[in-house]
Amino acid sequence: MPAPHPLLGPVLGFLGLWRGRGQGGYPTLDGDFTYAQEVSFSHDGRPFLRYEARAWLLDGNGAPLRPAARESGWWRLQADGRVEALITQPTGITEILTGQAGEGVVDLETHTVALTPTAKQVTATRRRYTLAGRNPHTEPDADTFTFVHDLAAVGQPLQHHLTATLRREAGQSTPPASSWNSSVQ
C-alpha cells in the first residue's frame, strides 16, 4: 500500500473497514426500519479516498432480511480542506457533493444529482460523517464513526433519512451473519 497523499490528512482517520447498525425512515416509506451497514475507505496514494458502502435490512431479531442500499465513489480532497465527492448507486442515482473535511468531521451537500430515466426522483442530499472515540491530536484512529444522511426525494423536502453508528473492523468485507448482527450495537 502506498503512503497516503498529504491532501488526505483530514480524512485519514476514516481509512479502513467499518460495520454497524442504523435506523432509517422517510415519509414515503411504510415505516421506520433498522439496517446493518458496512463502509470501507481506501486510497492508492493519490489525493482520492475510495468510498464503498452497502446495507442490509434487518428483522426484529437483527437477522438480515435482504440487501438494501449500495453505493460507491470517490472523495476528492483539496488543499483548503474542501471535499468533492462522487457517489453512484445501482438504482440509477449519481450524486456530486461538495463540503469540508476537518477535525474528524466531513460535511457534504448536494452540488448536482444525475438520474437515469427510471430512477427515483432525488433532488438533494446532505451527509455528515463524524469520527468519535478519539482525540484527533493524540490518537490516530477513532473507535467509531456516525453517519447521518438527509434526503429530498419524490416531492419531499430535505429531511432526515438515515443515522448509523459504525465500528472499525479488521478483515475482509463479508455479508453480515446473525452472529455479526447481534454483536454490533
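- E52 and S72 share no side-chain donor-acceptor pair at under 3.5 Å.
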Kindly determine whether H43 and H5 satisfy side chain to side chain contact (heavy atoms under 4.5 Å, CB included), including the steps that lead there. CA-CA 9 Å; H43 73 91; H5 191 281; over 6 Å; no

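- Applying the side-chain hydrogen bond (donor to acceptor under 3.5 Å, both in side chains) test to S42 and every residue at least two apart in sequence or in another chain returns nothing.
- In this structure, Q156 contributes its side chain and V154 its backbone to no donor-acceptor pair below 3.5 Å.
- Every residue meeting the side chain to side chain contact (heavy atoms under 4.5 Å, CB included) condition with A85, not counting sequence neighbours, appears here in chain and number order: W75, L97, L108.
- Each of Y129 and L86 belongs to its own hydrophobic cluster when Ile, Leu, Val, Met, Phe, Trp and Tyr are linked at side-chain heavy-atom distances under 4.5 angstrom.
- For Y35, there are no side-chain hydrogen bond (donor to acceptor under 3.5 Å, both in side chains) partners at least two apart in sequence or on another chain.
- Under the 4.5 Å side-chain heavy-atom criterion for ILVMFWY residues, a single connected hydrophobic cluster contains both L131 and V106.
- Hydrophobic clustering places L49 together with V83 (ILVMFWY residues linked when any side-chain heavy atoms are closer than 4.5 Å, directly or through intermediates).
- Annotation: the span from I93 atom CD1 to Q121 atom CD amounts to 9.0 Å, rounded to 0.5 Å.
- The heavy-atom pair separating P2 from G45 by the smallest distance is CG-N, 3.6 Å.
- For T110 and T125, the side-chain atoms include at least one donor-acceptor pair closer than 3.5 Å.
- P27 is listed as a side-chain neighbour of Q159, based on a closest heavy-atom distance under 4.5 Å.
- Under the 3.5 Å distance criterion, the side-chain polar atoms of D59 are matched with a main-chain donor or acceptor of N61.
- At a threshold of 4.5 Å between side-chain heavy atoms, the hydrophobic network of Ile, Leu, Val, Met, Phe, Trp and Tyr places V113 and I87 in one connected group.
- Pairs passing the salt bridge (Lys or Arg N to Asp or Glu O under 4.0 Å) check and including a residue from residues 107-125, sequence neighbours excluded, read D107-R128.
- The salt bridge (Lys or Arg N to Asp or Glu O under 4.0 Å) test applied to E71 returns R127, not counting sequence neighbours.
- Taken from CG in L17 to CG in L15, the straight-line distance is 12.0 Å, to the nearest 0.5 Å.
- Hydrophobic clustering (ILVMFWY, side-chain heavy atoms < 4.5 Å, transitive): L151 and L57 are in one cluster.
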Let me see the working for L65 and F33 under side chain to side chain contact (heavy atoms under 4.5 Å, CB included), right down to the final yes or no. CA-CA 11 Å; L65 290 171; F33 56 91; over 6 Å; no

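- Contact record, A119 with G92: CB-O, 3.5 Å, taken as the closest heavy-atom pair.
- The side-chain hydrogen bond (donor to acceptor under 3.5 Å, both in side chains) check on R50 picks up nothing, with sequence neighbours excluded.
- How far CG of L7 is from CG of L12: 10.5 Å, rounded to the nearest 0.5 Å.
- Taking CG of L166 as the start and OG1 of T146 as the end, the distance is 9.0 Å to the nearest 0.5 Å.
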I'd like to know whether R82 forms a side chain to side chain contact (heavy atoms under 4.5 Å, CB included) with T98, so could you lay out the CA-CA distance, the side-chain angles of the two residues, the decisive distance to 0.1 Å, and finally the verdict. CA-CA 7 Å; R82 284 181 302 121; T98 58; over 6 Å; no

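- Taking the six-membered ring for Trp, W74 and Y51 have ring centres at least 6.0 Å apart.
- Looking at F147 and T163, their side chains never come closer than 4.5 Å, going by heavy atoms from C-beta outward.
- The nearest pair of heavy atoms linking G24 to L162 is CA-CD2, 3.9 Å.
- Listed here is the closest heavy atom pair of V39 and A53: CG2-CB, 3.9 Å.
- Atom CG of D30 has 12 or fewer heavy atoms from other residues, nucleotides or ligands within 6.0 Å.
- E95 places none of its side-chain heavy atoms less than 4.5 Å from the side chain of H111.
- Atom CH2 in W56 sits 13.0 Å away from atom CZ in R66 (nearest 0.5 Å).
- Taken to the nearest 0.5 Å, the NE2 atom of H161 stands 8.0 Å off from the OH atom of Y26.
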Decide side chain to side chain contact (heavy atoms under 4.5 Å, CB included) for R168 and T144; before the verdict, give the C-alpha distance in whole Å, the side-chain angles of both, and the deciding distance to 0.1 Å. CA-CA 6 Å; R168 188 182 301 278; T144 62; over 6 Å; no

